[in-house]
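Worksheet: the structure to be examined is printed underneath.
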Amino acid sequence: MRKLLLSCMIALLAVPAFAVEFTSGDFKANVYGNIFADGFYTYSSKEATPIYPATVIGGGKQSFGSYAFVGSSNFGVTMNYNNVSGTIEAGLGDPIRKFYLKYNIGGKADHYILAGRDNNIAFYNYGQLSNDGQSMIDYGALANKRRLQLRYGLKGFEMAIIMPQIGFGSGDDIAYKDSHTYEVSKDKSYSIAAADYMFNYLPRLELAYTIAKDNFSLKVFGSYGAYMYHNDSAGEVTESDGSKKAIDKFNKTAHMFYIGLGGQASFGNSFLNYVAYAGQNMYLSNAQGDYRTGVSKAALNPISLSMNTNVLTVDIKDVYSAGGSVGYGYKAMDGKLTTQIGLGYSASFASHINTDQNIGGFLNTQYMVNEWFSVVPELALLYNLTGANGEAQGFSVIAGAAAVLSF
């Protein structure tokens, strides 16, 4: 696991192999942590809206700062007693990143029930370290999020009931956080908060099946969620200048779903990563959209506020998305030096918008100083070919390095 840090650890899904272990009879406690010290320079073309780091120096089209120190550094402990284990993980940007209980049925690691906040299962990403471990998300791969869930696993098959809105901020689906606006003119618009009209706590379903061999792994996954917008009585919406507009009754549902696959294949010192997916309204669950900027990000949302016979109402126009990514890596010096390159493509399209097309790529090299510490320089390109408004969205070039201490 250590020798494939960028493939396996960036997503921070598992307890590191060299966690500090304490044992007393049948009780075990594993303490682990990952500390990122990173610095990246970003240059963006005039058409682009750059993704700024958490800690930034400068602005405009050029910036330098740290992404992952606050976003991904973490410290956790997993406690085991017989067939039951519990994990608590803390971070700087998200104080309680994970908390869950897991029961291994019959004492088997591949047959379990998990309850609590953990990563969702309908995703596969890899490789890219910049932008706080972007891992090609929105440029050929899908996001993973920490969600409150109930999950069942059996011999590679997993099924999870995901609670999409629980007030954790970074754990909420975007459908509950966006506001919707109807523009009357350049200087005047009416807005409503999505959360005010949502049927909260409607769970969504995720499925995944993983085949893992010595030199090959394949994960097939899918997700479905329904997002209900309800207004049972006509009312008014107030604009910023104090004017009011009537809002109509509505009871509408947006359906989010996607399927995909991802995995890795090894050939001697070389290995390949691959991802492919397709779906509808994926922005609502945060499966995509976190790393998109400008006009195209808003266009990924299928929910809008529109005018109907002189009153405001919620409108749903489905947005379809597809993409894929492939990466190649090579391990040298008995695995101490790992170089990876990746290239991905994504597109979102609908009858009411122009096709939004994006390509991204990265090149990095991880040098394992020892089993605890590694240094990773990286160069990445995010190129938004065409936006939802039919215009070019520009590009960003990101260059820098990260030092990673893991135990």
Side-chain angles (χ1 to χ4, degrees), residues 1-36 68 71-121 123 133 144-163 166 168 170-171 206-214 217 219 264 334-336 368-374 404-407:
M1 179 176 177
R2 290 290 173 170
K3 295 179 180 179
L4 290 176
L5 176 69
L6 292 176
S7 296
C8 303
M9 198 203 74
I10 288 174
L12 302 177
L13 302 180
V15 175
F18 295 96
V20 180
E21 183 176 295
F22 303 92
T23 302
S24 177
D26 293 330
F27 176 82
K28 294 182 180 179
N30 293 279
V31 179
Y32 66 93
N34 300 282
I35 301 174
F36 292 79
S72 291
S73 296
N74 63 79
F75 177 84
V77 58
T78 295
M79 295 164 284
N80 297 268
Y81 183 77
N82 293 331
N83 296 337
V84 180
S85 65
T87 295
I88 299 175
E89 183 178 294
L92 297 176
D94 190 355
I96 306 178
R97 293 165 54 94
K98 297 181 181 182
F99 54 90
Y100 59 83
L101 290 173
K102 183 179 180 183
Y103 177 70
N104 292 331
I105 300 173
K108 298 180 179 179
D110 61 356
H111 192 194
Y112 70 88
I113 295 175
L114 181 149
R117 189 188 188 198
D118 193 16
N119 292 88
N120 68 308
I121 60 176
F123 78 96
N144 59 302
K145 298 290 183 178
R146 295 180 292 275
R147 295 289 196 259
L148 188 65
Q149 62 187 277
L150 178 64
R151 188 162 86 225
Y152 172 75
L154 174 63
K155 295 182 178 180
F157 170 78
E158 294 177 292
M159 177 176 65
I161 304 298
I162 308 289
M163 297 303 295
I166 52 178
F168 281 120
S170 63
E206 293 194 351
L207 301 171
Y209 181 69
T210 302
I211 301 171
K213 304 295 184 180
D214 289 341
S217 68
K219 179 181 181 181
Q264 185 180 98
D334 294 326
K336 292 189 66 175
M368 299 293 301
V369 179
N370 54 44
E371 64 186 23
W372 304 85
F373 183 69
S374 63
V404 187
L405 176 65
S406 300
F407 61 90

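These numbers were taken from a predicted model, which means no experiment stands behind them.
- A search for side-chain contact (heavy atoms from CB on, under 4.5 Å) contacts involving Ser24 returns nothing, not counting sequence neighbours.
- Applying the side-chain contact (heavy atoms from CB on, under 4.5 Å) test to Leu101 and every residue at least two apart in sequence or in another chain returns nothing.
- Between Ala208 and Lys219 the shortest heavy-atom distance is CB-CE, 3.9 Å.
- Heavy atoms from other residues, nucleotides or ligands lying under 6.0 Å from CG of Leu207 number more than 12.
- A distance of 8.0 Å separates CG in Asn370 from NZ in Lys336, rounded to the nearest 0.5 Å.
- The backbone N or O of Ala160 sits nowhere less than 3.5 Å from a side-chain atom of Glu206 that would complete a donor-acceptor pair.
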List the steps, then state whether side chain to side chain contact (heavy atoms under 4.5 Å, CB included) holds for Asn80 with Asn30.
-> CA-CA 8 Å; Asn80 297 268; Asn30 293 279; 3.7 Å; yes

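- Within the model, atoms CG of Asn104 and CG of Leu114 stand 10.0 Å from one another, a figure rounded to the nearest 0.5 Å.
- Side-chain N or O atoms of Thr87 include none that pairs as donor or acceptor with a backbone N or O of Thr78 at under 3.5 Å.
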Check the pair Phe407, Phe373 against side chain to side chain contact (heavy atoms under 4.5 Å, CB included), reporting the backbone distance first and the verdict last.
-> CA-CA 9 Å; Phe407 61 90; Phe373 183 69; over 6 Å; no

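- In terms of heavy atoms, Ser374 sits closest to Met368 at CB-SD, 3.6 Å.
- The CD atom of Gln149 sits 7.0 Å away from atom CD1 of Ile121, with the distance rounded to the nearest 0.5 Å.
- Considering only residues two or more places apart in sequence or on other chains, Tyr81 meets the side-chain contact (heavy atoms from CB on, under 4.5 Å) condition with Asp26, Phe27.
- Scored by the ring-ring contact (aromatic ring centres under 6.0 Å, His included) test, Tyr152 finds His111 as partners (sequence neighbours excluded).
- Once rounded to the nearest 0.5 Å, the distance linking CD of Glu89 with CZ of Phe75 reads 10.5 Å.
- The one candidate from Asp118, Asn119, Asp94 that meets the side chain to side chain donor-acceptor pair (under 3.5 Å) condition with Arg146 is Asp94.
- Closest non-hydrogen pair, Ser73 versus Phe36, comes out as OG-N, 3.1 Å.
- When every heavy atom of Gly107 is checked against every heavy atom of Asn83, the shortest pair comes out as CA-OD1, 3.2 Å.
- Using a 4.5 Å heavy-atom cutoff, the side chains of Leu150 and Ile113 are in contact.
- A donor atom on one side chain and an acceptor atom on the other are found under 3.5 Å apart for Tyr112 and Glu158.
- Using a 4.0 Å cut-off between charged nitrogen and carboxylate oxygen, Lys155 and Asp110 do not count as a salt-bridge pair.
- Lys108 contributes no side-chain N or O that, together with a main-chain N or O of Leu154, makes up a donor-acceptor pair within less than 3.5 Å.
- Taking both residues in full, the closest heavy atoms of Val77 and Tyr32 are given as N-CE2, 3.8 Å, listed atom of the first, atom of the second, then distance.
- Closest of all the heavy-atom pairs between Arg147 and Ile162 is CB-CG2, 3.6 Å.
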